[in-house]
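I have placed the structure first, in the form of structure tokens, so that the comments after it can refer back to it.
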Number of protein chains: 4
Amino acid sequence: MCRPTSPKPVRTGRTGRPRSAEADSAILDATRAALVELGWSKLTMGDVATRAGVAKTTLYRRWTNKSELVVDAVAVLFDELELPDLGSLEADVRGVVLQFAALLERPEARTALMAVVAESTRDEALRGRIRTAIVERQKLLVLEGRARAQARGELPYEADEETAARNADLIFDVIAGAVVHRLLVSAEPVDETWAAGFTRLLLSGLASLQN
Amino acid sequence: MCRPTSPKPVRTGRTGRPRSAEADSAILDATRAALVELGWSKLTMGDVATRAGVAKTTLYRRWTNKSELVVDAVAVLFDELELPDLGSLEADVRGVVLQFAALLERPEARTALMAVVAESTRDEALRGRIRTAIVERQKLLVLEGRARAQARGELPYEADEETAARNADLIFDVIAGAVVHRLLVSAEPVDETWAAGFTRLLLSGLASLQN
Amino acid sequence: MCRPTSPKPVRTGRTGRPRSAEADSAILDATRAALVELGWSKLTMGDVATRAGVAKTTLYRRWTNKSELVVDAVAVLFDELELPDLGSLEADVRGVVLQFAALLERPEARTALMAVVAESTRDEALRGRIRTAIVERQKLLVLEGRARAQARGELPYEADEETAARNADLIFDVIAGAVVHRLLVSAEPVDETWAAGFTRLLLSGLASLQN
Amino acid sequence: MCRPTSPKPVRTGRTGRPRSAEADSAILDATRAALVELGWSKLTMGDVATRAGVAKTTLYRRWTNKSELVVDAVAVLFDELELPDLGSLEADVRGVVLQFAALLERPEARTALMAVVAESTRDEALRGRIRTAIVERQKLLVLEGRARAQARGELPYEADEETAARNADLIFDVIAGAVVHRLLVSAEPVDETWAAGFTRLLLSGLASLQN
DNA sequence: GTTTAATCGAGACGGTACGTCTCGTCTTCCT
DNA sequence: AGGAAGACGAGACGTACCGTCTCGATTAAAC
């Protein structure tokens, strides 16, 4: 999975010096590094600029504020999430749970995700950015997993399209929510045991959605 | 539910003028009010002090920083959560889900919870504070609900105490996580329909935990 | 030379616990010590209280502010100035110049004198306090020296009383002013050589005042 | 007399936005104004910044503290001192005495001079700043006056250069010291009568320095 | 090969909030 | 009643970042 990180409405003016592509990646790298070291609240634009060997102006030319910069810097981490076919729905779910947990163990990911979500409670635009950059991307995994399970005959095909969508959303929130909450709010580890227990609960539950 | 808010390691020294109890509550009220109006990032200590009719020093004498102040200010909101006996496990779960969702619709609660969780990813002490002030409190509801269901005969009594605890934790993270994620990350409403679907999924899943 | 340091209108009321006399001297000692270590601007009432093993309240009960406290604390230093009879007017003058210079070499004296004078440029009451506590005391030395010189026949007796007073004032300002200015503004040392030169200049000048 | 006020070790770096020259003079003007109104101790950096229409940071970028700012702001007042040729040494001395006294009647000058001298008793750097910004400037007047008197034949030319310098210093401290002490310590006016008396004393004394 | 125009770095700018400090007062308990 | 202890309202301190701005110096496409 890959996608262009084109933050600000680039003036398509022909003439003039073009923006440095190196700068962009240097900035995003610096942002992630700073995030790990300092956390969200201690991270400053000036520091990121210095680390990236870039002027503050260059940052502001591309991102309007800290939140947007961090979303872009971190979004790429969520692209790593994949759904390798492990042979059964149960294995697939357990796999994605552990994979997501591993991602959230990384300080830059956990810090950034929560910080950005927190910021978004007051910022509609940021909420949208999170949705497209992170949420929808993850939701695809749910759809993919379901399709695979249906092909395997583990799950029935749903007749009503709307119901199908609603169920996918529900499952997504249950999986992602449980993992995030366990790790970041309850502050307990997500290990094999927990993943197994959770998967058992979820799969049994899934049956009930079909009637 | 009520509990003393004793923020800083209070020197129990006998002598000297005692801290004003009025100030404490005025500050917490002011913090909640400011949080609603301004959100986490615009909330300033100086503003809180002004609103509370109190000097800035008085704030810092009690709380070392914004995060701790906000945790204490918001924790009381979570005390409102209750588990009225609605006659069945299913009704109880649906009730608590909607109640929790209603709480998170309130701007001060949603903003504060996420902001504080975000901050806590870098702050061990804050994490502890959140746990005792918010998490443990909510977890009691799960235990209460289970006990009630067991009394009704809807759920079996668990033989192994450790398993029982693990299951309670799991259920707690699934419920709280799903609601929070739906509301704050997916940014979709938690209505009767969703609550019903979620409850159905959860209850079916619960059966699997007994074997 | 000695004098009671009774700063504030002492309540002569019979009843109640009498004021600690020890406290007074402990405070003045602490003030001088703090002055040497910290200088005027870094000296704080709280610190003085702590050093003196006394509550801040006790300070404020006796002195209304920093300036008055310091004047009282330092005034005693100027009591040390004496005019031993060295046998001639010239020796007397040189002696008092060196003595005054030695006093102003002491950090607490130089710092306090200037600080208090500076403060007094805006404070009429403080100006009065300085005058009675320091200036008048020093001026007596000039009168004493003149009387002695007149007795020796080195100086004529002045007919007009007013002129006599005016001349004493002039000489006082010339001596004290020159020493203070040399030490604190020009920041050059007052040694035997300078004292000799200055004395020569002054004594020659004195002749002119008689016509 | 005029001179550039170059406060802080200015990085002569080529790049970056250059410092505003307007800001510098606006700040110094504001400082003098605030000094007149409020006096040294009530003068705050924030207030000066506001009056100057400048951010507090801009002040701190140029001056490390209040004292240095005030020295620079006030030094310019001492540039006003001049030595118009009044035809005789006696008239010249009396003129400069009255002129200096007039300067010290101005609240900003008297307050600032003393405050800064007081502060300098603990601050070597400030002492140096005062010396170059104020003292040396005034001392030139003494040299100029002597040269003029020598040209008129009122004073002999001094053979030994070192003695000449020492005498100039002595005279400077006597004049400046006497005026300052009379005005600020004794708190008596410097009028025509006093100036005449002082000048008479000084000129008679000067004769003695030649032998 | 100029011109042109947007980029770059550096760093000063007006702001705002921070968390600390000291002030002088007030309140409580203890002697 | 006096004193110590220490909390209180007030407000300045000096620092750190914010996001904007002015600089002179690149840099490439358009002429």
Side-chain angles (χ1 to χ4, degrees), chain A residues 10-11 13-20 22-23 41-47 49-50 53-66, chain B residues 10-11 13-20 22-23 41-47 49-50 52-66, chain C residues 11 13-20 23 41-47 49-50 52-61 63-66, chain D residues 10-11 13-20 22-23 41-47 49-50 52-66:
Chain A
V10 187
R11 268 268 297 97
R14 280 297 158 102
T15 72
R17 177 174 173 176
R19 285 191 182 161
S20 157
E22 289 175 36
S41 64
K42 303 283 179 192
L43 179 146
T44 71
M45 297 298 264
D47 184 45
T50 305
V54 142
K56 252 198 311 174
T57 338
T58 304
L59 262 75
Y60 283 107
R61 224 172 264 126
R62 292 163 157 84
W63 293 275
T64 55
N65 56 50
K66 204 159 93 168
Chain B
V10 186
R11 270 265 300 90
R14 278 293 152 118
T15 68
R17 177 172 173 176
R19 289 195 180 159
S20 158
E22 288 175 38
S41 62
K42 304 282 181 193
L43 179 145
T44 72
M45 298 296 265
D47 183 47
T50 305
V54 142
K56 240 192 328 169
T57 20
T58 302
L59 262 75
Y60 284 107
R61 225 171 263 128
R62 292 162 158 80
W63 293 275
T64 54
N65 54 52
K66 209 160 88 166
Chain C
R11 268 263 298 94
R14 277 298 157 100
T15 70
R17 177 170 169 180
R19 285 189 181 167
S20 158
S41 63
K42 305 282 179 193
L43 179 146
T44 71
M45 297 297 265
D47 184 45
T50 306
V54 142
K56 257 199 305 176
T57 335
T58 305
L59 262 74
Y60 283 108
R61 217 172 272 125
W63 294 274
T64 56
N65 54 51
K66 204 159 95 168
Chain D
V10 186
R11 270 266 298 92
R14 281 287 150 135
T15 68
R17 178 172 172 175
R19 287 194 179 161
S20 156
E22 288 176 36
S41 62
K42 304 281 180 194
L43 179 146
T44 70
M45 297 296 265
D47 183 46
T50 305
V54 142
K56 236 191 334 168
T57 24
T58 302
L59 261 75
Y60 284 108
R61 225 171 263 128
R62 292 163 157 80
W63 293 276
T64 54
N65 54 51
K66 208 161 90 167

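Residue order along DNA chain F, read from the 5' end via each residue's closest nucleotide, puts C:Gly53 first among B:Ser20 and C:Gly53. Mapped onto DNA chain E by nearest heavy atom, B:Pro18 and D:Ala23 fall at different nucleotides, with D:Ala23 at the one closer to the 5' end.
Atom-to-atom, CZ of D:Arg19 to P of F:dC23 comes out at 15 Å; the value is rounded to the nearest Å. At whole-Å resolution of the value, CD in A:Glu22 and P in F:dT27 are 12 Å apart. For the pair D:Arg62 CZ and E:dG11 P, the computed distance is 15 Å after rounding to whole Å.
An OP1 or OP2 oxygen of E:dG14 is reached within less than 4.0 angstrom by a side-chain nitrogen or oxygen of D:Thr58.
When all heavy atoms of A:Ser20 and A:Arg62 are compared, the closest pair comes out as O-NH2, 2.8 Å. Minimum interatomic distance between A:Leu59 and A:Met45 (heavy atoms only, all atoms of both residues): CD2-O, 3.7 Å.
In this structure, the side chain of A:Lys56 does not engage the main chain of A:Thr50 through any donor-acceptor pair within 3.5 Å.
For the side-chain hydrogen bond (donor to acceptor under 3.5 Å, both in side chains) test, no residue two or more places apart in sequence or in another chain qualifies with A:Thr58. Scanning for side chain to side chain contact (heavy atoms under 4.5 Å, CB included) contacts around D:Thr57 gives D:Ala55, D:Arg61, with sequence neighbours left out.
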Expected string for nucleotides 15-20 of chain F under the B/S/- scheme (protein heavy atoms, under 4.0 Å, primed atoms plus P, OP1, OP2 as sugar-phosphate) is BBBSBB
